[in-house]
Structures are given as C-alpha cells and as structure tokens.
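Heads up: the structure comes next, in structure tokens.
Quick caveat: nothing in here was measured; it's all calculated off a predicted structure.
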Amino acid sequence: MSRFSVVAYTFGILFFIVSCSMAVFYGYKVVTHHLPVEKKVPEPYKYHFVLVPEELDNEYWRLVESGAKAAAKKYGVLLEYSGPKQANIDDHLKTIEMSAASKVDGILTQGLSDEQFTPLINRVIADGIPVITVDTDAANSLRLAYIGTDNYYSGFLAGKALITDTNGRANVAIITGTFYANHQQQRVKGFQDAVKDEPGIHIIDIQQSEISTVKAAEKANQLLKDHPEINAFYGTSALDGIGIAQVIEKYKKQREVYVIGFDTLPETLDYIRRGTIKATVVQQPYEMGYRAVKMMIDIIEGKTVSQVVHTETRIMRIGDLPVSGMRNKEDNH
C-alpha cells in the first residue's frame, strides 16, 4: 500500500470515529433535553394591609404580627409589618402617613394619643383608606373599628387582684410604659379606681419606663431607694413587670414585695414560676392580630362589623400555669 493510501485510510478512520462520537453526544443531548418549565406566577393578593406596631421587636407585638400574618395567609392578603424600631410616637405617625401615601387597602394601628392620632386617622379615612385600631383605641377618631383589650377594665382587674392577694394592705408603686399612651393611661386609671376605696392601699408614686425593660428596672430600683415603705408594684406594659422582677430578685425581696404585671411573655411566666411576679394580666395579642385582618376584609367587602370588639382579659397566677411547666418552688428559696 502506498504512503498516500495509508494516510487516506488513517484519516478516514479518524473521521469516522469523530463522526460517531459527535452523533452519540448530540443524540444523548436530544434525548435528555428538558424543555424549560414555565414558572408559576404567584396568585395576586386580594388586598394589601399594613400593621403598624408600637415597636417592631417588642415580643408582645410579634404575637400580634403572628396572628395577623396567619389570617393574611388564609385570606390572600399581603401584610406588611412596619413601624418604629423602638417606641417613638413621631416614627409611628410617619409610618401611618407613608402607608397612606402608598395607597394600601387598609391600615391596622394603635391609637396611642388622641391629640396626635385622631387627626391623622381622620385624614387617612377621608382619603378613602380604612383604619382599624388594634390594642389601643382612638375612640374619638373616625376609625372604623377597634379590637383589643378593654384597658380600663384590665387595670381594674389588676387592682382587685392586688387587693385580694395583699389582703387589702399595700404601699404600691406603679410603673407604666408611657404617660401619653391611651391604653397605659386607662390601665393606670382602672387600677386607681379599683383601690381608691381601700383604706389599706396607698399609691406611693407613678413612673414611666418608656416601654423598656432596662428603664423599668432603673425606675424600680430608684423607687425602692426613695421609698423603702414600698411593698408592691404594678407594671402596666409587658416589659415593666420583667424589669421590676429583676430588681426584686437582685435585692432578694421576693417574699416581701408583691408584683403584678401585664402579659405572658416567656420571662414573665418564668418569674411567676419562681414566685417573683405574683400575678399578671393576660391579654390575647395573637387573636387581636388575626381578627383585625378578618375585620378589615369584611369592612372592605361591605360587611357589617362591630365597632368595638374586646378580647378576653383575665388574671393569671402561679396556680393557673400548666403543671408540666411548673418548677419546684423550693429551688427558689
């Protein structure tokens, strides 16, 4: 065989091998090729609501948010949770204003101060955006509904519980979240009215914590220094009782000082188990959030809703806690 024939033969073999390889490769690609899957477009939300809390990372308001989001998911609502990082009435008002400017379908908010919230809520309503107040009412505004605690009644319950638990003899200091907020004012007023006819109950002083555990502890500490006769505390926000309890344990006064607080945050329940907090006012924040969203939908869809809906309020003591969550009380003495 000539040299030329050898080269031609070799080239032909190589060409054949390459052709077969390419045929196999592209055949495999054709067989295994997947057509692009059309992406599912998420169903559009029916409504867009904004929930404006007193402060974003407050554990109590996170429970309100959880209830609202559960209802939003069930009923096809886009729910935004937006507001001040720390309690600040100006930031709260700005959030409402921005929500209204973005033309949301509904706003869920507190009505912390009649002077500032009532005119703003009225302007938002006039612009055609429905507003429901949650937890704290703005009763003098045009808000379409309120859902939450009867704050006067909850303070009254706290006062009656203190009378019962102290046998009607106590020198009381009150630490309230803020002096300006309607719900805090009502909780103080209800308490004062409950104890005013008890000759053995004396309210020594009232201080504000600015919705801060640290500030509540600072105020409790100073009150005990300034008024050593104090043997009872009433905290009107979820964080006040916790701050008070920290100070009581610091001075080992669990047996000497009676403490009644608000809400059932995990820390509060721990202090009840340890006997530091003797009682707390129980609210229903999850239910408030859930029902507020449903009420807003009903309002938008033209259904009749009650203008005022009060969620359950009651007093919880150590005997009301689940037995499985109890600790040996002897460990704390």
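Using a 4.5 Å cut-off on side-chain heavy atoms (C-beta onward), Thr311 and Thr149 make contact. Looking at heavy atoms from C-beta onward, Ile129 lies out of side-chain contact with Ile125 at the 4.5 angstrom threshold. Side-chain contact check for Ile89 versus Ser113: some heavy-atom pair is nearer than 4.5 Å. Looking at Tyr290 and Val64, their side chains never come closer than 4.5 Å, going by heavy atoms from C-beta outward. By the 4.5 Å heavy-atom criterion applied to side chains, Ile107 and Phe49 are not counted as neighbours.
Between the Glu55 side chain and the Ala87 main chain, a donor and an acceptor come within less than 3.5 Å of each other. Looking at Gln208, its side chain does come within 3.5 Å of a backbone N or O of Phe179 through a donor-acceptor pair. Using a distance-only test at 3.5 Å, with no hydrogens or angles considered, a donor-acceptor pair links the side chain of Asn182 to the main chain of Gly111. Remark: the backbone N or O of Ser237 is paired with a side-chain donor or acceptor of Asp240 at under 3.5 angstrom. In this structure, Gln185 contributes its side chain and Tyr180 its backbone to a donor-acceptor pair below 3.5 Å.
The residues Glu312 and Arg314 are annotated as salt-bridged, a charged nitrogen and a carboxylate oxygen being separated by less than 4.0 angstrom. Ionic pairing of Lys215 and Glu218 is not present here: no N-O contact between side-chain nitrogen and carboxylate oxygen is shorter than 4.0 angstrom. Between Arg274 and Glu249 there is a salt bridge, with a side-chain nitrogen of the basic residue lying less than 4.0 Å from a carboxylate oxygen of the acidic one. Look at Asp320 and Arg317 and you find no salt bridge, because none of the NZ, NE, NH1 or NH2 atoms lies under 4.0 Å from a carboxylate O. Lys94 and Asp90 are not joined by a salt bridge, as no carboxylate oxygen comes within less than 4.0 angstrom of a charged side-chain nitrogen.
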Checking side-chain contact (heavy atoms from CB on, under 4.5 Å) for the pair Leu157/Val281: CA distance, chi angles, key distance, verdict? CA-CA 8 Å; Leu157 281 181; Val281 180; 5.6 Å; no
Show your working on side-chain contact (heavy atoms from CB on, under 4.5 Å) between Val282 and Asp263 and close with a plain yes or no. CA-CA 5 Å; Val282 178; Asp263 298 315; over 6 Å; no
Pair Glu229, Asn231 - check side chain to side chain donor-acceptor pair (under 3.5 Å), show working. CA-CA 6 Å; Glu229 72 274 20; Asn231 60 4; over 6 Å; no
What do the steps show when you test Leu223 against Ile175 for side-chain contact (heavy atoms from CB on, under 4.5 Å), and what is the final call? CA-CA 10 Å; Leu223 283 164; Ile175 297 181; 4.1 Å; yes
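The heavy-atom pair separating Lys160 from Ala194 by the smallest distance is NZ-O, 3.6 Å. The two residues Leu108 and Met296 come nearest to each other via the heavy atoms CD2-CE, 3.5 Å. Between Tyr251 and Lys225, the shortest heavy-atom contact is OH-CE, 4.0 Å. Of all the heavy atoms in Ala161 and Tyr258, the pair that sits closest is O-OH, 3.8 Å. Ala138 approaches Ile121 most closely through the heavy-atom pair CB-CD1, 3.9 Å. Counting all heavy atoms, side chain and backbone alike, Thr133 lies closest to Gln110 at CG2-C, 4.4 Å.
Residues Ile277 and Val172 are members of separate hydrophobic clusters, defined by side-chain heavy-atom contacts under 4.5 angstrom among Ile, Leu, Val, Met, Phe, Trp and Tyr.
For Lys85, the side chain to side chain contact (heavy atoms under 4.5 Å, CB included) test picks out Leu56, with sequence neighbours left out. In this view, Asp298 and Lys294 satisfy the side-chain hydrogen bond (donor to acceptor under 3.5 Å, both in side chains) rule, not counting sequence neighbours. Annotation: side chain to side chain contact (heavy atoms under 4.5 Å, CB included) contacts of Val308 (sequence neighbours excluded): Arg143, Tyr146, His310. Among residues two or more places apart in sequence or in another chain, the side chain to side chain contact (heavy atoms under 4.5 Å, CB included) test is passed with Ala181 by Leu112, Thr178, His183, Gln184. Scored by the side chain to side chain contact (heavy atoms under 4.5 Å, CB included) test, Ala68 finds Leu51, Leu79, Val293 as partners (sequence neighbours excluded).
When each of Phe156, Phe233, Tyr234 is paired with Phe191, the ring pair (Phe, Tyr, Trp, His ring centres under 6.0 Å) condition holds for Tyr234 and for no other.
Sorted by first and then second residue, the pairs that involve residues 72-82 and meet side-chain hydrogen bond (donor to acceptor under 3.5 Å, both in side chains), not counting sequence neighbours, are His48-Glu80.
In this structure, Arg187 forms no cation-pi arrangement with Tyr152, as its terminal cationic atom is not both closer than 6.0 Å to the ring centre and no more than 45° off the ring axis.
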